[in-house]
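Written out below as structure tokens is the structure these notes cover.
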Amino acid sequence: MANTFQLEIVTPTRVIDCGPVEYLRAPSVEGLFGVQAGHTRSMISLDVGEIKVVQDGKDTFYATNGGYADIHPNNAQLLVETAEECNTIDTARALSAAQRARERAKSRTADTDHSRAEAALKRALTRLLVAGRM
Amino acid sequence: MASLKDIRRRISSVKSIEQVTKAMKMVAAAKLRRAQNNMLQARPYANRVRNVLHTLLPQIDRQTLPVLRISEEVGRSLVVAVTSDRGMAAGFNSNLIRRAQATIDELGRDTVDIICIGKKGRDHFVRRGYNVVAEHVDFWSALDFQHAMQFGREVVSSYVGGSVDQVLVVFNEFVNVIRQDVKLEKLLPLAVEAGDNIETAEVLFEPSMEAVVESLVPRHLNIQVWRYLLESYASEQAARMTAMEAATNNAGDVIESLQLEYNKARQASITKEILDIVGGAEALRAAS
């Protein structure tokens with residue numbers, strides 16, 4: 001296998017060792033970026049979003065709520081607070097969370113925290129997106 | 001001497017207590033294993049975040065980020081006391097509460113906000129009229145990283161909002177199964193430790209080094225809070241396990257001595273009966 005690099009997704013509750021992968025796509029705060037073997041040494045802030053990992057031509061998706069990526073030419077580590085695979089996501093819960101967040105974002109009372117409601121909505125939508133990849 | 005019936009009753013009550021303590025010990029042991037496992041799982045993440053952060057921190061201007069600000073003098077403090085919801089764990093809670101209270105009194109109780117995690121600490125400080133600003137109880141059995149994130153957010157927002165100048169955490173550190181130490185740690189302002197020296201000159205930061213640090217700090221704090229929760233949980237279970245082990249042993253000793261007393265009493269009563277019979281037979285023979 002020529003063009004692969006080692007990928008690890010490290011969360012506070014577990015370490016997912018993805019092994020040698022061909023391609024990684026992750027959400028930075030400035031938009032999606034892709035990583036292949038031989039990437040320049042970099043540190044990238046990750047936003048809420050979807051992580052795509054390509055291994056042996058097969059795609060795996062994870063929902064994350066942010067962290068950072070530490071990238072070396074032949075290995076990469078994603079340090080994220082959560083990483084949920086599509087088959088572990090509770091779709092019903094994500095749906096109701098999205099619904100709640102939407103209502104909260106819409107309400108015009110002074111004490112609603114709009115940025116928090118929006119962040120919650122984004123998280124819920126990401127999880128739904130990833131769940132739909134199954 | 002107590003009657004045979006009384007002793008029998010006491011033996012059976014001590015036996016049922018023994019069963020309860022034995023069961024509690026077993027439950028605590030199982031929970032302890034889980035907690036230790038969680039601690040192990042959290043370590044790689046925590047170490048890496050800390051390393052990166054402490055490498056980058058000296059290179060940026062702290063004043064640009066509110067979460068990194070260092071107050072010249074400390075006006076108000078926030079003390080987080082991590083206790084358990086339940087007792088039956090020897091000195092686990094009382095040692096911690098004593099230490100927390102001493103710390104708070106030293107700072108001046110009017111200048112301290114308290115966040116109580118766990119029922120025992122909450123009960124103690126609320127009853128004594130301390131300034132408890134937030135409490136989190138009844139979550140230990142479903143302990144999850146989400147809790148750490150929630151508490152972390154709370155702490156950060158009161159620090160960034162400027163209502164407190166430092167955040168102290170009092171928790172039980174898990175040393176090993178028979179030893180847990182009460183520890184006091186300063187969570188904020190963030191102190192700089194020596195990290196692994198990562199060569200940063202050739203690293204591409206996106207969007208910028210400051211932004212990376214800014215997003216790392218809350219995550220670092222979350223994982224610290226997570227560590228406090230896990231250490232405390234493991235300590236609680238270990239303390240309870242040890243306490244219940246001792247209680248089970250004591251119950252065994254009590255049962256043994258009660259059993260001895262019971263046997264003596266039984267012997268005595270049998271001897272007395274024989275004496276009665278023999279005495280009666282003697283009397284009959286004398287009469288005939």
Side-chain angles (χ1 to χ4, degrees), chain A residues 6-17 26-35 38-49 63-73 75-84 88 90 93-94 97 111 113 115-117 119-120 123-124 127, chain B residues 34-35 37-53 55-56 59-60 143-150 152-154 157 161 196 198-230:
Chain A
Q6 290 291 327
L7 175 67
E8 258 186 345
I9 301 178
V10 185
T11 76
T13 45
R14 63 186 180 143
V15 177
I16 308 168
D17 189 357
S28 85
V29 285
E30 294 178 327
L32 296 175
F33 67 96
V35 179
H39 196 282
T40 182
R41 176 90 181 80
S42 47
M43 270 184 197
I44 301 171
S45 273
L46 300 179
D47 201 4
V48 178
T64 181
N65 69 348
Y68 84 98
D70 189 358
I71 296 162
H72 298 254
N75 66 70
Q77 283 155 5
L78 300 181
L79 278 94
V80 290
E81 286 190 330
T82 60
E84 295 167 286
T88 62
D90 183 345
R93 226 190 101 203
D111 60 336
D113 188 339
S115 56
R116 255 186 73 186
R123 275 200 304 275
R127 299 176 75 217
Chain B
R34 213 181 61 200
N37 201 22
N38 272 341
M39 281 165 73
L40 229 56
Q41 296 287 330
R43 222 162 263 164
Y45 179 88
N47 288 347
R48 271 177 231 183
V49 170
R50 194 182 51 223
N51 264 338
V52 174
L53 195 62
T55 315
L56 299 185
Q59 304 184 33
I60 64 160
L143 184 61
D144 188 69
F145 188 67
Q146 300 291 334
H147 295 114
M149 284 161 72
Q150 184 196 337
R153 198 160 53 220
E154 232 176 74
S157 73
D196 283 353
I198 299 172
E199 197 52 60
T200 52
E202 288 161 18
V203 179
L204 176 74
F205 286 95
E206 208 170 308
S208 66
M209 195 192 282
E210 281 77 16
V212 171
V213 171
E214 190 180 1
S215 81
L216 270 183
V217 173
R219 295 179 201 288
H220 173 70
L221 297 176
N222 284 351
I223 191 76
Q224 286 302 316
V225 173
W226 180 232
R227 185 173 73 88
Y228 298 142
L229 295 181
L230 289 178

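Within every chain, numbering begins at 1; the chains are lettered A, B, ... in the order of the sequence lines, protein sequences first and strands thereafter. This is a predicted model, so every value here is computed, not measured.
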> Taking B:Arg219, B:Gln41, B:Met149 one by one, which has the highest count of heavy-atom pairs under 4.5 Å against chain A?
Replying inline: B:Arg219
>> Need one label for B:Leu216: side chain, backbone, both or neither, based on atoms under 4.5 Å from any heavy atom in chain A.
In response: side chain
>> With a 4.5 Å cut-off on side-chain heavy atoms, are A:Tyr68 and B:Val52 touching?
In response: yes
>> Going by side chain to side chain contact (heavy atoms under 4.5 Å, CB included), name the residues that satisfy it together with A:Ala124, two or more places apart in sequence or in a different chain.
In response: A:Ala97, A:Ala98
>> Given heavy-atom pairs under 4.5 angstrom as the criterion, report whether the side chain, backbone, both or neither of A:Val15 touches chain B.
In response: both
>> If I measure from the heavy atoms of chain B, does A:Asn65 come under 4.5 Å with its side chain, its backbone, both, or neither?
In response: both
>> Please rank B:Ser208, B:Ser215, B:Pro207, B:Pro44 by heavy-atom pairs under 4.5 Å with chain A and give me the top one.
In response: B:Pro207
> Given a strict heavy-atom distance threshold of 4.5 Å, which part of A:Glu30 is in contact with chain B: side chain, backbone, both, or neither?
Replying inline: side chain
> Do you know the tightest heavy-atom contact between A:Pro12 and B:Trp226?
Replying inline: O-NE1, 3.8 Å
> Which pair of non-hydrogen atoms, one from A:Glu8 and one from B:Arg48, has the smallest distance, and what is that distance?
Replying inline: OE1-NH1, 3.3 Å
> Measuring heavy-atom distances to chain B, does A:Thr11 have an atom under 4.5 Å in its side chain, in its backbone, in both, or in neither?
Replying inline: backbone
